[in-house]
Amino acid sequence: VHTVCVGAAIGQACLLLSAGTKGKRFMMPHAKAMIQQPRVPSSGLMPASDVLIRAKEVITNRDILVELLSKHTGNSLETVANVMRRPYYMDAPKAKEFGVIDRILWRGQDQIIADVVPSEEFDKNAGIRSVERV
């Protein structure tokens, strides 16, 4: 399974990104990934017993998320749990370092560099002349 982040992979989307086949997890250079703890849905005026049920479910979900991210990124359970305490934003290089992705995609980067022309040739092709005197 190939996974590609082209914009933002936040929360469980980051988990899905990391769960791709090793070597086939990609991210565009300006994309972002973020790991965070699951959130408790708003409780409004529900009974305390229902709030307790939801809180237990969120803790269970958090523990499962930590286990899965640890498995897919190769980080320890403690590392992932510590990072998840607060929202942890990653640009493409940081996501690669953390193990969420394997490669950063940059379409045509080698060709772009090869196609750069010297400034004199660019000026000549653009119809710009340099003059000694004004």
Side-chain angles (χ1 to χ4, degrees):
V1 173
H2 289 74
T3 55
V4 181
C5 178
V6 294
I10 297 175
Q12 285 146 346
C14 187
L15 171 63
L16 290 174
L17 177 62
S18 72
T21 303
K22 296 277 187 196
K24 298 179 180 179
R25 304 173 303 171
F26 307 99
M27 195 171 187
M28 297 301 287
H30 301 293
K32 296 287 182 193
M34 193 260 283
I35 299 171
Q36 66 180 0
Q37 290 190 41
R39 303 280 184 227
V40 178
S42 75
S43 55
L45 298 173
M46 72 175 51
S49 57
D50 290 355
V51 172
L52 181 60
I53 291 168
R54 285 188 179 196
K56 286 180 182 178
E57 185 64 22
V58 167
I59 290 170
T60 301
N61 289 342
R62 181 202 59 207
D63 294 343
I64 291 170
L65 183 59
V66 167
E67 286 178 33
L68 289 171
L69 280 169
S70 174
K71 173 185 168 188
H72 294 302
T73 63
N75 291 299
S76 69
L77 293 170
E78 295 78 24
T79 300
V80 175
N82 285 337
V83 163
M84 277 182 47
R85 288 190 176 158
R86 303 295 307 154
Y88 184 66
Y89 288 90
M90 296 172 278
D91 58 10
K94 201 170 188 179
K96 184 176 179 183
E97 180 183 321
F98 194 75
V100 173
I101 62 166
D102 303 304
R103 290 187 55 209
I104 301 166
L105 294 179
W106 182 8
R107 184 180 62 155
Q109 63 188 9
D110 298 329
Q111 189 60 43
I112 290 169
I113 293 169
D115 287 344
V116 173
V117 295
S119 60
E120 297 82 20
E121 187 177 334
F122 177 84
D123 291 347
K124 179 181 172 189
N125 293 336
I128 300 171
R129 291 184 295 134
S130 63
V131 292
E132 298 296 321
R133 293 184 296 150
V134 178

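Position 1 is the first residue of the sequence, and the numbers go up from there.
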Spatial distance of atom [atom1] ([X]) from atom [atom2] ([Y]) [nearest 0.5 Å]:
| X | Y | atom1 | atom2 | result |
| --- | --- | --- | --- | --- |
| Cys5 | Ile104 | SG | CD1 | 11.5 Å |
| Glu67 | Arg62 | CD | CZ | 11.0 Å |
| Lys94 | Ile101 | NZ | CD1 | 13.0 Å |

Open item on the list: Please give the remaining members of the hydrophobic cluster of Tyr89, linking ILVMFWY side chains under 4.5 Å, ordered by chain and number.
Closed with: Ile10, Met34

Task: Those residues that, when tested against Thr73, pass side chain to side chain donor-acceptor pair (under 3.5 Å) (two or more places apart) - done: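 Thr73 satisfies side chain to side chain donor-acceptor pair (under 3.5 Å) with Asn75 once adjacent residues are dropped.
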
Open item on the list: Please enumerate all residues that pass side chain to side chain donor-acceptor pair (under 3.5 Å) together with Gln37, with sequence neighbours excluded.
Closed with: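 So Gln37 forms no side chain to side chain donor-acceptor pair (under 3.5 Å) with any residue.
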
Which donor-acceptor pairs under 3.5 Å do side chains of residues 14-28 form with protein atoms, sequence neighbours excluded?
from: Ser18; atom 1: OG; to: Leu15; atom 2: O; distance (Å): 2.9
from: Thr21; atom 1: OG1; to: Val1; atom 2: N; distance (Å): 2.6
from: Thr21; atom 1: OG1; to: Val1; atom 2: O; distance (Å): 3.3
from: Lys22; atom 1: NZ; to: His72; atom 2: O; distance (Å): 2.5
from: Arg25; atom 1: NE; to: Asp102; atom 2: OD1; distance (Å): 3.4
from: Arg25; atom 1: NE; to: Asp102; atom 2: OD2; distance (Å): 3.0
from: Arg25; atom 1: NH1; to: Ser18; atom 2: O; distance (Å): 2.9
from: Arg25; atom 1: NH1; to: His72; atom 2: O; distance (Å): 3.0
from: Arg25; atom 1: NH1; to: Gly99; atom 2: O; distance (Å): 3.0
from: Arg25; atom 1: NH2; to: Gly99; atom 2: O; distance (Å): 3.2
from: Arg25; atom 1: NH2; to: Asp102; atom 2: OD1; distance (Å): 2.7

Open item on the list: Using only atom types and a distance under 3.5 Å, with no angle test, would you say the side chain of Thr60 pairs donor to acceptor with the backbone of Lys56?
Closed with: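 Indeed, once roles are kept as given, a pair shorter than 3.5 Å links the two residues.
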
Open item on the list: Run the side-chain contact (heavy atoms from CB on, under 4.5 Å) test against Asp63 and tell me which residues pass, sequence neighbours left out.
Closed with: Ile59

TODO: Indicate, with yes or no, if Val6 and Leu105 share a hydrophobic cluster defined by side-chain heavy-atom contacts under 4.5 Å among Ile, Leu, Val, Met, Phe, Trp and Tyr.
DONE: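 Hydrophobic grouping puts Leu105 with Val6.
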
Using distance only, find each side-chain donor-acceptor pair of residues 76-88 under 3.5 Å and give its atom names and separation, not counting sequence neighbours.
from: Ser76; atom 1: OG; to: Thr79; atom 2: N; distance (Å): 3.0
from: Ser76; atom 1: OG; to: Thr79; atom 2: OG1; distance (Å): 2.8
from: Asn82; atom 1: OD1; to: Arg85; atom 2: NH2; distance (Å): 3.4
from: Asn82; atom 1: ND2; to: Glu78; atom 2: O; distance (Å): 3.2

- [ ] Grab the two heavy atoms, one from Ala92 and one from Pro29, that are nearest each other, plus how far apart they are.
- [x] CB-O, 3.9 Å

